2 protein chains.
Amino acid sequence: MTKRKRPPQRRGEAMVGAVLQVTLVQLGVVGFERLSVPEVAALAGVNKTSVYRRWPTKGELVREALASVLGEPPDFVATGELRADLLAWGRGALAFAGSPVGQAVFRALLSADDPDLRPLASELTRTTKGPMGLLTRAVRRGELRPGANLELALSTIAGALLQRLHVEHRPADLAYLTQVVDLVLDGLRR
Amino acid sequence: MTKRKRPPQRRGEAMVGAVLQVTLVQLGVVGFERLSVPEVAALAGVNKTSVYRRWPTKGELVREALASVLGEPPDFVATGELRADLLAWGRGALAFAGSPVGQAVFRALLSADDPDLRPLASELTRTTKGPMGLLTRAVRRGELRPGANLELALSTIAGALLQRLHVEHRPADLAYLTQVVDLVLDGLRR
DNA sequence: CAAAAAAGCAACTTGAAGTTGCTTTAGGGT
DNA sequence: ACCCTAAAGCAACTTCAAGTTGCTTTTTTG
């Protein structure tokens, strides 16, 4: 017969990590507004008092959870062939968008109800603009004409995927990504 | 000295209209989750009891408010010149997206937290696909090649505007719309 | 092993949502 | 003009989740 009346406590970083992870999952499942701090605590196996002590408001908890995972823009290999590189980046972006964390980020930031989260939204935009380097290099190689609106092209690709996933609620697979990239690249080349 | 202790009541359709209108405004301002039925009632100058009697849940109130305004896809004139027609449609779509009602629709439907609202989301998609006729006619005229992926093109245009407005939080004016339409049209024409 | 820090716990406070029973008002029919 | 009924108002109440507090227990560390 074990003597422990309670399960062993998780403290410090262990407790913080558990809570932030549950927060991300919950963000993806129910979104920001419906996220309940007491429920997060329960799911993390932690007393709600401990959570409130560390993060006085829901906004701060969510901000830290999102910040812990943003700012690591998905890396991709640059082969030097523009179309292949864009597809590689797109695959990474889609994988991110489909992951629990990605769901959390998009659900939390799309409507951006909470002013607390605005700064993070721009972080997401920055990530979206990650492969800009690919395009500028393609211009330098002469693969694209100098006047091409690269920023517009990226926004358009990202937007098409967003539309597909979050408005039409249909899956965005590699075939779809390829169609989008080809459409935009063809447009970019006149 | 006026004898009226209370302002005159609004009944029936007048009351319903006032409440639905306030509901739309509030949807645009605070979104679905933060929308408060008692607050809507107060803003509409109506007792909350009356609101609850007519719409037992917030979901039903919002659904009726949105339904009262969706299903009227913004019309546009079709001149027969594809680019001009797409731009005309886009102007209408942007005007809609910028209006209080449009804000309401997007904020309520983008994340689509509430299962009650799912059916309306597809309504929005239908509206998005409104100008499909323009494209099919352009194909028939020979202005576009038969195999062109028209649905993809429309999704991409809509997505680019969505990305601009709701992720980047930057204004989408006529110049931007024109760039997007030209990019996609150029891509569609190979 | 003692002291301090961190987490647990239960009881409490608060505030918004929604409910109820009843009263008052609007407006059509006679 | 009056009455009768349906619709709206009103205030008091219930409920429930969020967040707070004071204190106890556990873990860490020096």
Side-chain angles (χ1 to χ4, degrees), chain A residues 1-23 25-27 29-65 68 108 113-117, chain B residues 1-23 25-27 29-65 68 108 113-117:
Chain A
M1 172 187 186
T2 48
K3 304 287 169 38
R4 261 211 235 82
K5 304 183 171 182
R6 308 178 197 162
Q9 299 178 1
R10 274 186 294 190
R11 302 198 150 209
E13 283 309 307
M15 178 269 215
V16 169
V19 170
L20 292 184
Q21 182 183 335
V22 169
T23 300
V25 171
Q26 286 301 97
L27 270 180
V29 173
V30 302
F32 177 80
E33 294 294 338
R34 299 229 260 239
L35 181 139
S36 152
V37 175
E39 192 183 2
V40 165
L43 290 172
V46 153
N47 196 282
K48 67 175 175 177
T49 322
S50 311
V51 177
Y52 279 119
R53 270 197 280 260
R54 222 171 269 265
W55 302 278
T57 70
K58 181 163 81 170
E60 294 182 50
L61 171 62
V62 168
R63 196 178 327 125
E64 187 168 336
S68 75
D113 280 349
D114 201 291
D116 291 347
L117 302 180
Chain B
M1 174 185 184
T2 46
K3 303 287 168 42
R4 263 211 232 83
K5 305 183 171 181
R6 310 174 197 168
Q9 299 178 359
R10 275 184 294 190
R11 304 195 150 208
E13 284 309 308
M15 178 268 216
V16 169
V19 170
L20 292 184
Q21 182 182 337
V22 170
T23 300
V25 171
Q26 285 301 97
L27 271 179
V29 173
V30 301
F32 177 80
E33 295 293 339
R34 299 230 261 242
L35 182 139
S36 150
V37 175
E39 192 183 2
V40 164
L43 289 172
V46 154
N47 195 282
K48 66 176 174 176
T49 323
S50 311
V51 177
Y52 279 118
R53 271 196 280 260
R54 222 171 268 264
W55 302 279
T57 69
K58 183 165 80 170
E60 294 182 51
L61 171 62
V62 168
R63 196 177 329 124
E64 187 168 335
S68 76
D113 280 349
D114 201 290
D116 292 346
L117 302 179

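Worth saying up front: this structure is predicted, and the values here are computed from it rather than measured. In what follows, chains are A, B, ... by sequence order, proteins preceding strands, each numbered from 1.
- In this structure, A:Arg54 places its CZ atom 14 Å from P of C:dA5, rounding to the nearest Å.
- Per the geometry, CG belonging to B:Asn47 stands 15 Å off P belonging to C:dA26, to the nearest Å.
- Distance CZ/A:Arg63 to OG1/A:Thr23: 13.0 Å, rounded to 0.5 Å.
- Listed by chain and number, the residues in a side chain to side chain contact (heavy atoms under 4.5 Å, CB included) with A:Val22 are A:Gln26, A:Val40, A:Leu43, A:Ala44 (sequence neighbours excluded).
- The listed nucleotides are C:dG8, D:dC10, D:dA8; the one nearest the side chain of B:Met15 is D:dA8.
- Side chains of A:Val37 and A:Trp55 form no contact here, defined as non-hydrogen atoms less than 4.5 Å apart.
- Taken from CG in B:Leu27 to CZ in B:Arg34, the straight-line distance is 13.0 Å, to the nearest 0.5 Å.
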field: Sequence-aligned protein contact record of nucleotides 12-19 of chain C, with B where the base is within under 4.0 Å of a protein heavy atom and S where only the sugar-phosphate is
entry: -----SBB
Donor-acceptor pairs under 3.5 Å, side chain of residues 46-54 of chain B to any protein atom, not counting sequence neighbours: which ones?
{"residue": "B:Asn47", "atom": "OD1", "partner": "B:Thr49", "partner atom": "N", "Å": "2.9"}
{"residue": "B:Asn47", "atom": "OD1", "partner": "B:Thr49", "partner atom": "OG1", "Å": "2.6"}

Taking N or O atoms only and anything under 3.5 Å, show me the protein contacts with nucleotides 28-30 of chain D, one pair per line.
none

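- With sequence neighbours excluded, no residue forms a side-chain hydrogen bond (donor to acceptor under 3.5 Å, both in side chains) with A:Glu39.
- Looking at which nucleotide of DNA chain D each of A:Arg53 and B:Gly45 is closest to, the 5′-most match is held by B:Gly45.
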